[in-house]
Structure formats: C-alpha cells, structure tokens
Amino acid sequence: MSMYGRDPWGGPLEICHDSATDDDRSRNLDLDRGALSRTLDETQQSWLLAGPGDQGRKKKKYVDIGCLVVSRKFFVWTLGVLLAAAVFAGVVAGIAKAIPRRHRPPPPPDDYTVALHKALMFFNAQRSGKLPKHNNVPWRGNSCMKDGLSDPAVRRSLVGGYYDAGDAVKLNFPAAFSMTLLSWSVIEYSAKYEAVGELGHVRDIIKWGADYFLKTFNSTADSIDRVVVQVGSAATSPGSTQPNDHYCWMRPEDIDYPRPVVECHACSDLAAEMAAALAAASIVFKDNKAYSQKLVHGAATLFQFARDRRGRYSAGGSDAAKLYNSTSYWDEFVWGSSWMYLATGNSSYLTLATHPKLAKHAGAFWGGPDYGVFSWDNKLTGAQVLLSRLRLFLSPGYPYEEMLRAFHNQTSIIMCSYLPIFKSFNRTKGGLIQLNHGKPQPLQYVVNAAFLASVFSDYLEAADTPGWYCGPHFYSIEVLRSFARTQIEYILGKNPLKMSYVVGFGKHYPKHVHHRGASIPKNGVHYGCKGGWKWRDTKKPNPNIIVGAMVAGPDRHDGFKDVRKNHNYTEATLAGNAGLVAALVALSGEGHGVDKNMMFSAVPPMFPSPPPPPAPWKP
C-alpha cells in the first residue's frame with residue numbers, strides 16, 4: 001500500500017511501509033567495535049546493572065537546575081538559607097521604618113544670608129500707598145492715598161511706590177536705580193534667592209516699584225512729553241515754616257499737608273534710568289509674558305523721550321539738585337541702552353551703547369577721582385561690567401568687539417583700583433574703603449563696589465578664567481571676593497566699634513535711625529507737623545525697629561554718632577539698601593555662580609558680521 005504526497009522540492013513523495021522488522025534493521029546496523037570492547041568503570045557498571053527502581057532512587061539524590069547538577073540536600077539547604085535571609089531582611093526593614101528618624105538639622109545660615117533676610121524687609125517699611133496684607137511691618141499702615149489726585153495740575157493717581165529715606169518724599173531717580181540694581185541681582189542669582197526662600201519677596205519688591213513707575217508717565221503711549229520727578233516736597237529754604245516732608249516730623253500715615261507733584265519735560269538722565277529699571281524688571285518677569293511686554297513698551301517710550309528731550313532732571317536748583325543732583329546724563333545713556341538691548345534683543349541699542357563718542361562723553365577713558373565709583377549718580381562703572389559680561393559670554397564680534405574690549409579693559413582697571421595694594425582709594429584704619437573720599441554717608445558706595453567685585457569674579461569663573469591682570473601682575477578671582485567680603489563684614493560688625501550698621505543684625509546696631517515712621521510710636525495719637533518734633537529730638541531709642549535698614553555709616557576715622565538728627569550717620573536710603581541686598585546675595589551660600597542664560601533670554605542668536613575688507617593696496 002502506498003500514498004503519494006507532494007514533495008516540496010518537486011516531484012512526488014512516496015510513503016510506503018517497509019516489511020523489514022526492527023530486529024532485522026538493528027542487525028544490519030554497523031556496530032562501533034571500539035565502544036563494545038571498552039572496559040566500563042564501576043559507576044558505569046552500576047548504572048547498567050541497576051534496576052528501574054534503583055535508578056530512580058539514585059536520581060532523586062540530585063537536582064538538575066539547568067546548567068548545573070547539585071545535591072538535593074545542598075539545594076534544599078541553600079534555598080532555605082536564602083528564604084530565611086529574605087524574611088530577616090524584611091523584618092529589619094520594617095522595624096527601621098517604624099522607628100522615628102532623627103534628621104540631622106540643616107547647617108545654620110551664614111551671616112550674609114541672615115543679613116539678606118533683614119535687608120529686604122527695609123523695602124517693606126518704605127512702601128507708600130495701600131499696603132498688602134503680607135507686608136509684615138506692624139507699625140506701618142496705608143499712607144498718602146491721595147498722591148497725585150490732590151494736585152490740581154496732575155489730577156491722576158500716583159499712589160504707591162517707595163519713600164526714599166527717613167522722610168515721605170518719593171524720588172524717581174534714586175528709586176529707579178534701586179529697582180534696576182535689585183533686578184540685576186535677581187537675574188544673576190535667582191537660584192540663591194530661591195534657595196533661601198526670598199525669590200518671591202524680592203520679585204514683589206521690584207514689581208511694587210515698577211508698577212509705580214508706570215503710573216508716572218503715559219506708559220501706553222509711544223511718545224511722551226513729560227515724566228514725574230517726585231511726589232512730596234523737601235524744600236529747605238532758611239526760615240520757611242511751610243509744612244512739607246522735611247520741615248514736618250510725622251508718620252506717613254498721618255500726613256495731612258499738600259504733597260505737590262514735580263514733573264520734567266527735558267530729563268534724559270531720569271528717563272534713561274527709569275527705562276533701565278523697567279527693562280531689567282522685564283527680564284525678571286519674563287515668565288509673565290503680558291506684564292514683561294508692558295514693561296518693555298514703557299521702557300522703550302521712556303528711552304526715546306530721553307534721547308529726544310536732552311537735559312538733566314536736576315537742573316535749576318530744584319529739590320532734586322539738593323537731594324540727588326545728577327552730574328550728567330551720558331552715563332545713563334550707556335547704562336539704559338545696555339539694558340534696553342538685553343530686554344529687547346534690538347541691536348540698535350547695542351550699537352548706541354558701544355558708540356565711541358557716547359563712551360567718551362560718559363567719561364569712560366579719562367579717569368578722575370570718582371572713576372570706578374558706582375552710584376545712583378554715575379552708572380558708567382555698572383554699564384561697563386554689564387557689557388563685559390556680554391563680551392565674556394556671547395562675544396558678539398564685529399562691529400562691537402573693539403568697544404566691548406575697551407569696556408572690559410576698563411572694568412579690569414576698576415577692579416584693580418579696589419585692591420588695597422594700589423592705593424587708588426584711601427581706607428580707614430578699620431579697613432573701610434573711602435570711595436567718596438572721606439565725605440559723609442560712605443556705605444552706599446561701598447556696597448555697590450562689593451557687588452560689582454563679587455559679580456565680576458563670578459563672571460570670570462563662569463568663563464573659566466582664574467583671574468585678571470593689573471598691569472604685569474596676575475590676581476586670582478579669590479582676591480576680588482576677599483575685597484567684597486571684608487567690606488561687607490565691616491558693615492556687619494567687624495569694625496573698631498564692633499557695631500553692625502544694619503539695623504536688627506547682631507546685638508549692637510543703631511537705635512536712633514533718622515526715620516520718621518520708626519521714631520514715632522503707633523499709639524493711636526495723631527502727631528501733627530510740629531507735634532512729632534519731640535520724637536525727633538528725644539534721646540530715647542526709636543520705639544519701632546526698622547529691620548534691615550543700612551544707615552549712612554561711619555566717618556573717615558571709623559567714628560559713628562548714633563544721633564537721630566544727624567542724617568549723615570543714621571539715615572537709610574533705598575539706593576543704599578539695594579546695593580546691600582545685591583552684595584549680600586552675591587556673597588551668600590556655599591557656592592558661587594551666576595545664571596549665564598537668564599540675562600540673554602531676549603537676545604537672539606548672534607552671527608557676527610565679517611569685518612570690512614582692507615583698503616586696496618597702493619604701491
């Protein structure tokens with residue numbers, strides 16, 4: 001019988017039954033003669049001779065686990081030990097979880113961080129207008145709620161902003177510089193602010209100032225013809241008894257006299273500084289696109305006004321000339337255009353900032369006794385540091401490189417001037433650098449220099465540069481940081497008097513701060529213009545502690561008079577505290593380092609233009 005199937009290789013496949021038996025086939029196999037003649041050892045013989053039952057019992061003594069045959073007894077013991085170890089480990093882990101852990105407490109914050117918390121509180125104490133619920137200064141309340149509305153020439157709300165110092169005058173020029181400086185510190189050190197829980201606080205401080213600036217001009221327009229200079233009067237004419245913010249000694253909450261508004265129509269310095277403040281704030285608030293764009297638009301309007309209507313805001317013997325006289329507006333042009341470029345990425349602003357004639361007018365290369373002194377009046381040094389940052393991290397190349405290199409070189413020279421070895425500035429016996437040449441109120445200049453030294457050293461470190469040259473001598477960045485630390489430590493108490501010049505820091509600090517709100521108790525009594533004089537003249541300490549206020553500072557002999565009526569020793573200002581905050585955050589914490597990218601968030605990728613070809617060769 002046969003069956004035919006299909007052969008997959010082609011042709012029929014025949015399956016048939018062979019008639020041969022299995023015995024026949026086995027007899028026909030070729031046998032391995034060598035295998036038959038080989039002698040078997042005892043173990044092999046026992047396998048062959050053992051019966052079926054014996055062979056099964058022998059096999060049960062072993063366990064085949066694939067790649068290995070092991071004794072069943074050994075396998076069972078090993079498995080038991082592993083299971084017991086697992087149960088024991090689980091029990092131990094459960095007990096460990098049940099036991100309450102004693103976490104190691106975090107290390108105490110350094111002095112810079114402690115002082116930073118306090119220094120920021122000063123701005124809460126200086127707020128004007130309707131205060132937020134979280135202001136956390138119990139002796140302050142809503143104040144000057146009719147600013148602007150009570151002036152018949154203005155008739156719009158100018159409520160808000162900050163009082164400049166120990167009085168109730170709101171001055172845009174130093175306030176704008178203060179906000180610019182705070183924004184700069186946030187842009188560089190936002191991670192440090194966040195680490196110590198102050199990022200939200202400092203952003204609120206900046207926004208409070210920026211929102212007020214937007215009220216002081218037509219911020220929705222593309223062009224303007226006026227800007228508010230100040231609210232309140234500080235007239236100090238001899239023999240005048242007219243109630244104003246200097247003649248009267250009152251809590252801001254109790255002010256009932258008229259508060260005039262001063263405007264300017266040609267004030268390049270003020271407008272450019274306000275533009276810088278709004279531009280820098282727009283980078284801080286880049287996470288809020290609508291608000292950031294609002295700030296940028298206002299900044300552009302102000303800067304255009306500054307260029308179109310030239311003039312100094314303090315010309316003409318006004319209050320501003322007596323309190324915060326501006327010596328020039330060229331430095332604000334360099335400073336303002338630098339911030340405008342960083343906020344917009346518009347290269348026309350960088351072209352202006354690096355224009356050789358503008359730098360020359362600003363005094364970038366002539367030196368002088370105040371060269372390198374960064375303040376509310378002269379922003380050139382800060383602008384040069386800012387533009388050095390641009391060169392170090394972005395290197396725009398032609399056509400900006402020549403001026404950027406010049407600014408970078410000038411910055412290096414300024415950093416050299418801060419070092420005691422070069423004798424560019426005198427120092428007190430206690431080690432305080434005299435950037436204002438022994439004049440009163442030195443600390444506001446010292447903290448600004450400490451900030452610039454710290455941030456520039458961080459720039460160098462971020463650019464993998466270990467130091468810089470002062471002539472033929474090379475100095476490490478640690479030398480620059482040491483300068484900044486010694487100056488701030490002097491302010492915090494390492495001085496001949498062992499006095500902290502920051503109120504509330506340490507055990508020994510000024511108790512008679514020149515400040516109306518801090519010196520008059522909040523006891524429900526309304527003290528009029530002259531009624532508060534008794535609190536001004538008393539020798540008792542202030543009933544309210546204005547935490548974080550950095551006073552004006554010691555004299556050139558390290559002496560200090562804790563006297564309320566002497567503002568040259570005991571008055572605190574917005575600009576001074578802004579520099580202190582910036583220096584403290586730069587020095588605080590264990591690590592160093594700036595945020596390299598946040599500053600350039602609005603700057604497009606740069607593709608340097610090739611330089612022009614050389615002139616044709618002529619024999």
Residues 113-120, side-chain donor-acceptor partners within the protein, below 3.5 Å, at least two apart:
residue	atom	partner	partner atom	Å
T113	OG1	D110	OD1	3.1
T113	OG1	D110	OD2	3.4
H117	ND1	E198	OE2	2.7

Within a reach of under 6.0 Å around CZ of R309, are more than 12 heavy atoms found that belong to other residues, nucleotides or ligands?
yes
At their closest point, which heavy atom of A165 faces which heavy atom of E571, and how far apart are they?
CB-OE2, 3.2 Å
Applying side chain to side chain contact (heavy atoms under 4.5 Å, CB included), run through T216 and V229 and close with a yes or a no.
CA-CA 8 Å; T216 60; V229 174; over 6 Å; no
Under 3.5 Å, is there a donor-acceptor pair between the side chain of T570 and the main chain of V513?
no
Whether S314 side chain and S326 backbone form a donor-acceptor pair below 3.5 Å:
yes
Ring-face cation of K207 near Y291 (centre distance under 6.0 Å, axis angle within 45°):
yes
Backbone of V502 reached by a side-chain donor or acceptor of S500 within 3.5 Å:
yes
Quick check on E402: does its CD atom have over 12 non-hydrogen neighbours (other residues, nucleotides or ligands) under 6.0 Å away?
no
Residues pairing under side chain to side chain donor-acceptor pair (under 3.5 Å) where one sits in residues 595-606, two or more places apart or in two chains, turn out to be none
Heavy-atom nearest pair, K170 first then L158, reads NZ-O, 2.8 Å
Could you check whether any side-chain N or O of K289 sits under 3.5 Å from a backbone N or O of K286, counting only pairs where one atom can act as donor and the other as acceptor?
no
Quick one: pull up OG in S143 and CE in M250 and give me the separation to the nearest 0.5 Å.
11.5 Å
OG/S282 to CG/L278 distance, rounded to the nearest 0.5 angstrom?
8.0 Å
Heavy-atom check, side chain of Q230 versus side chain of F173, under 4.5 Å:
no
Indicate yes or no: does R259 engage D147 in a salt bridge with an N to O separation below 4.0 Å.
yes
Does any N or O in the side chain of N172 come within less than 3.5 Å of the main-chain N or O of V228, such that one atom is a donor and the other an acceptor?
yes
Listed partners of W208 passing side-chain contact (heavy atoms from CB on, under 4.5 Å), at least two apart
R127, P132, Y162
Can you run down the ring-ring contact (aromatic ring centres under 6.0 Å, His included) pairs that involve residues 293-312, sequence neighbours left out, and say none if there aren't any?
F303-Y349
Salt bridge check: are E401 and R405 linked by an N-O gap of less than 4.0 Å?
yes
Donor-acceptor pair, side chain of R203 and main chain of V284, under 3.5 angstrom
yes
Using side chain to side chain contact (heavy atoms under 4.5 Å, CB included), reason through R389 and L394 one step at a time and then give a plain yes or no.
CA-CA 8 Å; R389 183 196 210 277; L394 289 190; over 6 Å; no
Decide, yes or no, whether a salt bridge links E461 with R481 under the criterion of side-chain N to carboxylate O below 4.0 Å.
yes
Determine whether Y112 and R485 make a side-chain contact, defined as any pair of heavy atoms from C-beta on separated by less than 4.5 Å.
yes
Apply the test side-chain hydrogen bond (donor to acceptor under 3.5 Å, both in side chains) to residues Y212 and S128: give CA-CA distance (whole Å), side-chain angles for both, the deciding distance (0.1 Å), then the verdict.
CA-CA 10 Å; Y212 174 72; S128 177; over 6 Å; no
Which value, rounded to the nearest 0.5 Å, describes the distance between L302 atom CG and C267 atom SG?
9.0 Å
How far apart are the closest heavy atoms of S185 and Y193, and which atoms are they?
OG-OH, 2.9 Å
Close side-chain approach of H515 and Q126, heavy atoms under 4.5 Å:
yes
Would you confirm whether K192, through its side chain, and G589, through its main-chain N or O, come within 3.5 Å as a donor-acceptor pair?
no
Would you please indicate yes or no on a ring centroid separation below 6.0 angstrom for Y509 and F505?
no
Within the structure provided, determine whether R226 and C264 are in side-chain contact (heavy-atom separation under 4.5 Å).
no
Go through the steps for L342 and L386 under the test side chain to side chain contact (heavy atoms under 4.5 Å, CB included), then give the verdict.
CA-CA 10 Å; L342 294 169; L386 200 59; 4.0 Å; yes
To the nearest 0.5 Å, what is the distance between CG (D331) and CG (D377)?
6.5 Å
So CG of L181 and CZ of F177: to nearest 0.5 Å the spacing works out to 5.0 Å
Any side-chain heavy atom of T573 within less than 4.5 Å of one from N577?
no
Should the pair R156-E263 be classified as a salt bridge under the 4.0 Å nitrogen-to-oxygen rule?
yes
Taking atom CG of N124 and atom CE of M121, what is their separation to the nearest 0.5 Å?
4.5 Å
Between T327 and N325, do the side chains contain a donor N or O and an acceptor N or O under 3.5 Å apart?
no
Pair E253 + R140, salt bridge at N-O below 4.0 Å:
yes
Looking at T344, N346, T351, which hits side chain to side chain donor-acceptor pair (under 3.5 Å) with S348?
N346
Start with the C-alpha gap between S388 and L404, add the side-chain angles, then the distance that decides, and say whether side chain to side chain contact (heavy atoms under 4.5 Å, CB included) holds.
CA-CA 6 Å; S388 297; L404 290 178; over 6 Å; no
Would you find a donor on one side and an acceptor on the other, under 3.5 Å apart, between the side chain of R516 and the backbone of H246?
yes
S412 backbone acceptor or donor facing W468 side chain under 3.5 Å:
yes
Quick one: closest heavy-atom pair of A572 and F122, and the distance?
CB-CE1, 3.8 Å
Going by atom types alone, do Q487 and Y418 pair a side-chain donor with an acceptor below 3.5 Å?
no
Correct closest heavy-atom pair for V373 and Y445 would be CG1-CD2, 3.8 Å
Within the 4.5 Å heavy-atom criterion, are Y163 and L574 side-chain neighbours or not?
no
For residues 446-453, please give each side-chain donor-acceptor pair under 3.5 Å, one per line with the distance, not counting sequence neighbours.
residue	atom	partner	partner atom	Å
N448	ND2	F374	O	2.9
N448	ND2	Q444	O	3.2

Counterpart residues, disulfide bond (SG atoms under 2.5 Å apart), relative to C144 (two or more places apart)
none
May I ask you to check whether over 12 heavy atoms, not counting those of L199, lie within 6.0 Å of atom CG?
yes
In short, I477 meets T465 closest at the heavy-atom pair CG2-O, 4.1 Å
Close side-chain approach of L390 to F600, heavy-atom, < 4.5 Å:
yes
Are any of the side-chain heavy atoms of Y313 and Y324 separated by less than 4.5 Å?
yes
Kindly determine whether T411 and N409 satisfy side-chain hydrogen bond (donor to acceptor under 3.5 Å, both in side chains), including the steps that lead there.
CA-CA 5 Å; T411 298; N409 291 339; over 6 Å; no
